[in-house]
Amino acid sequence: MLQIDKIKAFVELGKFLAQFSENSSARNEGVLYNELYFDPFVDLIALSQSHNGWYTQEQVYFSIQSWAEALTEVNLNQWLAGYQWPFDCAQGDKTVGLILAGNIPLVGFHDFLSVLISGHKVVVKTSSNDQHLLPFLANYLIAVEPELKNKITFIDGKLENFDAVIATGSNNTARYFEYYFKDKPSIIRKSRNSVAILNGSETKEQLIALGDDIFRYFGLGCRNVSKLFVPKGYDFTKFFEAIFEYQDVIHYEKYANNYDYNKAVFLMSNFKLLDNGFLTIKEDSSHASPISSVFYEYYENLEEVENRLVADQDHIQCIVSNDLVKNSILFGTTQKPALWDYADGIDTIAFLTKI
């Protein structure tokens, strides 16, 4: 199967996904196999929250639109242009096992895409929290490019007969993965968090965008901002005024339950909190705040923050700021990574070309 055929299949998938949005899902007559897949996908999206209480239609549609924007011919070619490995050669036909997380919709899609685009076979063990979306999209890909049928397998049980593995989980499960897969080439992803650096000069629009970095997917993703670095004496008034736009998050039962529980735990522990009725913020040196809470930490100067981030780089996924430090990204962009923005900074394609 030629590389160009794989790219074309994913481009067609991108066109298919582009039809679906929260405000309006409308058929594009130029999209392949709509007669088979359009209505069932609408139904699957509608059922997503019954499969996983965190998968509201708003969040699922956001994920779908993000992938629709990513899966274009221009993006795919730009992503793969920097790799010299001959993707179409026989040596690429290895079997790669994927153990996926289920914290946000389609969280494992990039690994799935990377394995197939590299010419390998993929064996996927989905999370019990996300068992429906990726298999549906895999079936659409197979309809577009039937040769992919022999490249894609989904399993329920033990992962066996594989040449390499990419596994995502918590810090605890990562220790198990590292032991169990010690004799195989592997990428083992652990828990990470994202941070934002503020200096008080941020506009209201930037702080509203930061709210999306915090609340998108209810804060469940590693790219969600869970920690703020702020200068000594920082006034949180503008921050709270800006994120008030996200107040409806408290109407989701699972989020509200976490808010009530975590706030109660903090208060019983006599922690000092700032609270606006749907988010608590707490001074804490940790990067990993619980759902419905964001930690903050004061700094004296930016060099101090940069040194801290270097020291903690293995625990940080994204850094958001108004260009205050190197390698930071814009407010509101954490949940729309480009194809070449690799999780944990590990080049998945480079790994897959060497197994």
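For this chain, numbers begin at 1 and follow the sequence in order. Side-chain atoms are counted along with the backbone in the values below, which use heavy atoms only and exclude waters and symmetry mates.
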Could you give the distance from CG (Leu98) to CG (Leu159), rounded to the nearest 0.5 Å? 8.5 Å

May I ask you to decide whether Glu147 forms a salt bridge with Lys6, counting only side-chain N to carboxylate O separations under 4.0 Å? no

Is it true that Glu297 and Lys227 make a salt bridge, defined as a side-chain N closer than 4.0 Å to a carboxylate O? yes

Has the side chain of Gln65 got a donor or acceptor atom that lies under 3.5 Å from a matching backbone atom of Phe62? no

State, with a plain yes or no, whether a side-chain heavy atom of Leu100 is found less than 4.5 Å away from one of Leu134. yes

Between Arg175 and Glu178, is there a side-chain N and carboxylate O pair less than 4.0 Å apart? no

Which pair of non-hydrogen atoms, one from Leu207 and one from Ile243, has the smallest distance, and what is that distance? O-CG2, 4.1 Å

Please work out which of the three classes, parallel, tilted or perpendicular, describes the rings of Phe162 and Phe181, given edges at 30° and 60°. perpendicular

Taking the six-membered ring for Trp, are Tyr234 and Phe239 ring centroids under 6.0 Å apart? no

Closer than 4.0 angstrom, basic N to acidic O: yes or no for Asp163 and Lys121? no

Between His287 and Asp312, do the side chains contain an N or O donor and an N or O acceptor separated by less than 3.5 Å? yes

With under 30° as parallel and over 60° as perpendicular, where do the rings of Phe16 and Phe136 fit, or are they tilted in between? parallel

Please find out if less than 6.0 Å separates the ring center of Tyr261 from that of Tyr259. no

Is it possible for you to check whether Lys125 lies under 6.0 Å from the centre of the six-membered ring of Phe154, through NZ or CZ, and within 45° of that ring's axis? no

I want to know whether Phe278 and Phe215 have ring centres closer than 6.0 Å. yes

Looking at Asn327, I want to see if its CG is surrounded by more than 12 non-hydrogen atoms of other residues, nucleotides or ligands under 6.0 Å. no

Can you confirm whether the side chains of Gln59 and Arg216 place a donor and an acceptor under 3.5 Å from each other? yes

Modelled atom types, side-chain donor and acceptor of Ser21 and Asn23, under 3.5 Å: no

For residues Ser286 and Asp284, is any side-chain donor paired with an opposing acceptor at under 3.5 Å? no

Using the ring of each side chain (for Trp, its six-membered ring), is Tyr180 parallel, tilted or perpendicular to Tyr176, with breaks at 30° and 60°? parallel

Step by step, would you call Ser66 with Ser63 a side chain to side chain donor-acceptor pair (under 3.5 Å)? CA-CA 5 Å; Ser66 296; Ser63 177; over 6 Å; no

How long is the straight-line distance from CG of Leu228 back to CG of Leu210, given to the nearest 0.5 Å? 6.0 Å

Without swapping roles, check the side chain of Glu145 against the backbone of Leu141 for a donor-acceptor pair under 3.5 Å. no

Return yes when atom NZ of Lys190 has more than 12 non-hydrogen atoms of other residues, nucleotides or ligands closer than 6.0 Å, and no otherwise. no

Do Pro231 and Tyr299 touch side chain to side chain, with heavy atoms closer than 4.5 Å? yes

Backbone N/O of Ser289 and side chain of Ser293: donor-acceptor pair under 3.5 Å: no

Interatomic distance, Glu12 atom CD to Ile7 atom CD1 [nearest 0.5 angstrom]: 13.0 Å

Would a distance-only check, ignoring hydrogens and angles, find a side-chain to backbone donor-acceptor pair under 3.5 Å from Asn77 to Glu73? yes

Heavy-atom closest contact (Ile208 atom, Glu245 atom, distance): CD1-OE2, 3.3 Å

Has the side chain of Asp39 got a donor or acceptor atom that lies under 3.5 Å from a matching backbone atom of Glu35? no

Hey, is the main chain of Leu47 close enough, under 3.5 Å, to the side chain of Ser50 for a donor-acceptor pair? yes

Using side-chain heavy atoms (C-beta onward) and a distance below 4.5 Å, is Tyr246 in contact with Leu279? no

Is the shortest distance from a Lys or Arg side-chain nitrogen in Arg189 or Asp111 to a carboxylate oxygen in the other one below 4.0 Å? yes

Short side-chain to backbone donor-acceptor contact, Ser269 and Phe271, under 3.5 Å: no

Shortest non-hydrogen contact from Trp67 to Leu106? NE1-O, 4.0 Å

Tell me if the aromatic rings of Tyr252 and Phe218 count as close, with their centers under 6.0 Å from one another. yes

Geometric cation-pi criterion Lys182 and Tyr179, 6.0 Å radius, 45° cone: yes

Do Ser328 and Val320 come within less than 4.5 Å of each other through their side chains, counting heavy atoms only? no

Interatomic distance, Lys15 atom NZ to Thr72 atom OG1 [nearest 0.5 angstrom]: 10.5 Å

Can you tell if the side chain of Ile152 reaches within under 4.5 Å of the side chain of Leu116, non-hydrogen atoms only? yes

Students often mix this up, so state it plainly: with edges at 30° and 60°, are the rings of His51 and His132 parallel, tilted or perpendicular? parallel

Look at the side chain of Ser321 and the backbone N and O of Ala196, then say whether any donor-acceptor pair between them is shorter than 3.5 Å. no

Examine the side chains of Asp130 and Ser127 and answer whether a donor and an acceptor come within less than 3.5 Å of each other. no

Atom of Ser48, atom of Leu133 and distance for their closest heavy-atom approach: OG-CD2, 4.1 Å

Count the heavy atoms belonging to other residues, nucleotides or ligands that lie under 6.0 Å from CG of Asp43, then report whether that count exceeds 12. yes

Using the test ring pair (Phe, Tyr, Trp, His ring centres under 6.0 Å), find all partners of His110 that sit at least two apart in sequence or belong to another chain. Trp79, Tyr342

Centroid-to-centroid, Phe229 to Tyr298, below 6.0 Å? no

With a 4.5 Å cut-off on side-chain heavy atoms, are His315 and Asn193 touching? no

Measure up the Phe109 and Phe112 rings against each other and bin them: parallel (under 30°), tilted (30 to 60°), perpendicular (over 60°). tilted

Out of curiosity, Ile281 CD1 to Lys272 NZ, how far, rounded to the nearest 0.5 Å? 10.5 Å

Do Asn171 side-chain atoms and Ser191 backbone N/O form a donor-acceptor pair below 3.5 Å? yes

Might you point out which heavy atoms bring Gln131 and Pro135 nearest each other, and give the distance in Å? O-CG, 3.4 Å

When Lys263 is tested against each of Asn258, Asp275, Thr280 for side-chain hydrogen bond (donor to acceptor under 3.5 Å, both in side chains), which residue passes? Asp275

What donor-acceptor contacts under 3.5 angstrom involve side-chain atoms of residues 330-339, with partners at least two apart or in another chain?
from, atom 1, to, atom 2, distance (Å)
Thr333, OG1, Leu330, O, 2.6
Thr334, OG1, Asp213, OD1, 2.9
Thr334, OG1, Arg223, O, 3.2
Gln335, NE2, Asn224, OD1, 3.3
Lys336, NZ, Glu69, OE1, 3.3
Lys336, NZ, Glu69, OE2, 3.3

Leu137 and Phe41, any side-chain heavy atoms less than 4.5 Å apart: yes

Provide the closest heavy-atom pair for Lys158 versus Ile155 in the form atom of the first, atom of the second, distance. O-CD1, 3.7 Å

Side-chain touch Asn103/Asn129, heavy atoms, less than 4.5 angstrom: no

Neighbour count >12 (heavy atoms, 6.0 Å) for atom NZ, Lys204: no

Does Asp347 reach the main-chain N or O of Ala350 with its side chain, forming a donor-acceptor pair under 3.5 Å? yes

